[in-house]
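Notes for the one structure printed next.
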Amino acid sequence: MTATTTTTGPAFADRRPSRRVPTARLVLYGALVLGLLATLAPFAWMFLGSVKPTGEIVAHPSAWLPRSPTFVNFEQLLSKQNFGLYFLNSTMVAVACVLGNLLFCSMAGYAFAKIEFAGKRLLFGLVLTMLIIPGVTTFVPLFVLVSNMGLGNSYLGLILPFLVTPFGVFIMRQFIRDIPDALVEAARLDGAGESRIFLRVILPLTRPALATLAILTFLAQWNNFLWPLVIAQTEDHYTLPVALALFSTGANGTNYGLLLAGAVTVVTPIILLFLALQRHFIQGIANTGIK
C-alpha cells in the first residue's frame with residue numbers, strides 16, 4: 001500500500017510564491033515619489049501663495065496653508081489696466097507660432113525624410129548645427145535684422161522669428177522617417193503630387209508628433225520673456241510675462257502676491273493644454289526618440 005502525500009503543512013506553505021516586493025523596487029518607488037514631490041512642491045507653493053495676503057507670504061516662518069484665504073491678488077491682477085490686452089497678445093503670439101511651426105516644420109520634416117534632392121544632407125546638417133548653437137549668440141543679430149526690416153514694436157516682429165524652429169524640423173523629420181516608404185510610393189504611383197501626399201497621407205499619421213510640437217512651441221512662446229521685452233516698446237504690444245515683470249514691482253518693493261497670482265494665470269493654460277494632449281504628447285516623445 002503506497003503512502004500518500006499531503007498538500008498541507010509547512011512544506012507546502014514554503015513553496016508558495018512570495019508576494020513581497022523586492023527591496024530594489026521599493027527604493028525605486030521611493031525615489032520616484034520623492035522626485036514627484038520635489039517637482040510639485042513649487043507649483044503647490046505658487047497656487048497656495050496666490051490666495052494668501054501679502055503679510056502671510058513674507059512672514060517668517062511661512063506656513064504652507066493660508067490662514068486667511070483671499071482672492072485679492074487676483075482682483076488686483078484683473079483690475080490692472082489692459083490686462084485683457086496682455087493676455088490676448090500672449091495668446092495671439094503663442095497660437096501663431098504654434099500654427100507656423102506645425103505647418104512649416106512638418107513640411108520641412110517631410111522633405112528631409114521622404115524626398116531626395118541635392119544638398120539634402122548638407123541642409124539637414126545645418127539644421128542640426130543650429131540646434132547646438134545657444135540662442136543668446138544669435139539674439140543681437142536677430143534683433144538687428146528684425147529692426148532693419150521695420151518690424152520693431154509690432155506683432156509680426158514678435159511672431160516672425162519663431163514661425164519655424166530647428167528643433168521642430170528635427171522632431172517632424174524623425175517621426176516622418178519612420179512612416180513606411182511603401183505608403184508614399186503607392187500614393188505616387190496613383191498619381192498624387194507631393195503636396196497631396198503630404199496633406200492626405202503624412203499629416204494624418206503624424207498627430208502624436210504634431211501634438212508634441214504644439215505643446216513645446218506653445219510652452220516656449222507663452223513663457224518667452226526676453227524677446228518680447230526687447231521688441232515690444234509700448235504697452236499695447238506687451239505679453240503677459242513682460243507685463244507681470246513690469247507691473248508687479250513698485251516703489252515700495254515687489255508685490256509677491258500679485259506675482260504669484262500672475263504666475264498662476266500664466267501656468268494654467270499650459271497645464272490645460274498638456275492635459276488635453278497628454279496621450280499624443282507621450283506617444284510623440286516615444287516615437288521620435290527624444291530622451
Side-chain angles (χ1 to χ4, degrees), residues 43 46 77 82-109 127 130-131 133-143 145-147 149 151-173 175 206-248 259 262-278 280-281 284-285 288 290:
F43 292 96
M46 176 184 67
L77 181 68
N82 292 332
F83 175 81
L85 178 62
Y86 306 144
F87 191 91
L88 181 62
N89 289 343
S90 289
T91 303
M92 181 179 63
V93 171
V95 171
C97 291
V98 168
L99 295 178
N101 275 264
L102 293 182
L103 177 61
F104 298 123
C105 291
S106 58
M107 292 172 63
V127 172
M130 294 173 64
L131 283 174
I133 297 178
V136 292
T137 61
T138 59
F139 187 87
V140 173
L142 183 61
F143 173 74
L145 178 62
V146 172
S147 299
M149 294 173 62
L151 300 178
N153 195 35
S154 67
Y155 293 114
L156 192 57
L158 292 170
I159 296 171
L160 186 61
F162 305 100
L163 281 179
V164 59
T165 58
F167 186 65
V169 174
F170 175 76
I171 288 180
M172 297 308 300
R173 186 258 184 183
F175 192 94
T206 57
R207 290 179 182 177
L210 292 174
T212 302
L213 181 59
I215 292 177
L216 296 178
T217 304
F218 186 88
L219 175 64
Q221 297 308 316
W222 185 263
N223 293 329
N224 196 0
F225 172 75
L226 188 57
W227 182 255
L229 178 65
V230 174
I231 289 296
Q233 301 171 3
T234 56
E235 292 186 15
D236 59 327
H237 289 89
Y238 284 173
T239 57
L240 272 178
V242 176
L244 291 176
L246 295 179
F247 295 120
S248 61
L259 270 179
V264 171
T265 305
V266 172
V267 167
T268 300
I270 298 174
I271 296 177
L272 295 177
L273 179 65
F274 176 78
L275 292 177
L277 301 177
Q278 179 181 9
H280 298 292
F281 177 76
I285 290 292
T288 52
I290 302 175

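Positions are given from 1, in the same order as the sequence printed here.
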Check: How about M130: does its CE atom have over 12 heavy atoms from other parts shown lying under 6.0 Å from it?
Finding: no
Check: Got more than 12 heavy atoms from elsewhere within 6.0 Å of CZ, F43?
Finding: no
Margin query: For a quick test of reading the model, state the closest non-hydrogen atom pair linking N153 to Q233 and the distance between them.
Written below: OD1-N, 3.0 Å
Check: Can you name the nearest heavy-atom pair linking Y86 to E235, along with the distance?
Finding: CE2-O, 3.3 Å
Distance in Å, [X] [atom1] paired with [Y] [atom2], rounded so as to fall on 0.5 Å steps:
X: F225; Y: T239; atom1: CZ; atom2: OG1; answer: 8.5 Å
X: L151; Y: F143; atom1: CG; atom2: CZ; answer: 11.5 Å
X: Q221; Y: L158; atom1: CD; atom2: CG; answer: 9.5 Å
X: D236; Y: N89; atom1: CG; atom2: CG; answer: 7.5 Å
X: T212; Y: M172; atom1: OG1; atom2: CE; answer: 9.0 Å
X: I231; Y: S147; atom1: CD1; atom2: OG; answer: 5.0 Å

Name every donor-acceptor pair, under 3.5 Å, that has one atom in a side chain of residues 159-171 and the other anywhere in the protein, sequence neighbours excluded.
unit_1 : atom_1 : unit_2 : atom_2 : d
T165   : OG1    : N101   : OD1    : 3.0
T165   : OG1    : G168   : N      : 3.2

Check: Short question: side chain of S154, backbone of G157 - any donor-acceptor pair under 3.5 Å?
Finding: yes
Margin query: Donor-acceptor pair, distance only, cut-off 3.5 Å: does the side chain of S106 make one with the backbone of L103?
Written below: yes
Side-chain heavy-atom pair [X], [Y] within 4.5 angstrom cut-off:
X: L240; Y: F83; answer: yes
X: Y238; Y: P228; answer: no
X: W227; Y: V93; answer: no
X: T265; Y: L244; answer: no

Check: Picking from T91, V98, N223, what satisfies side-chain contact (heavy atoms from CB on, under 4.5 Å) with F218?
Finding: V98
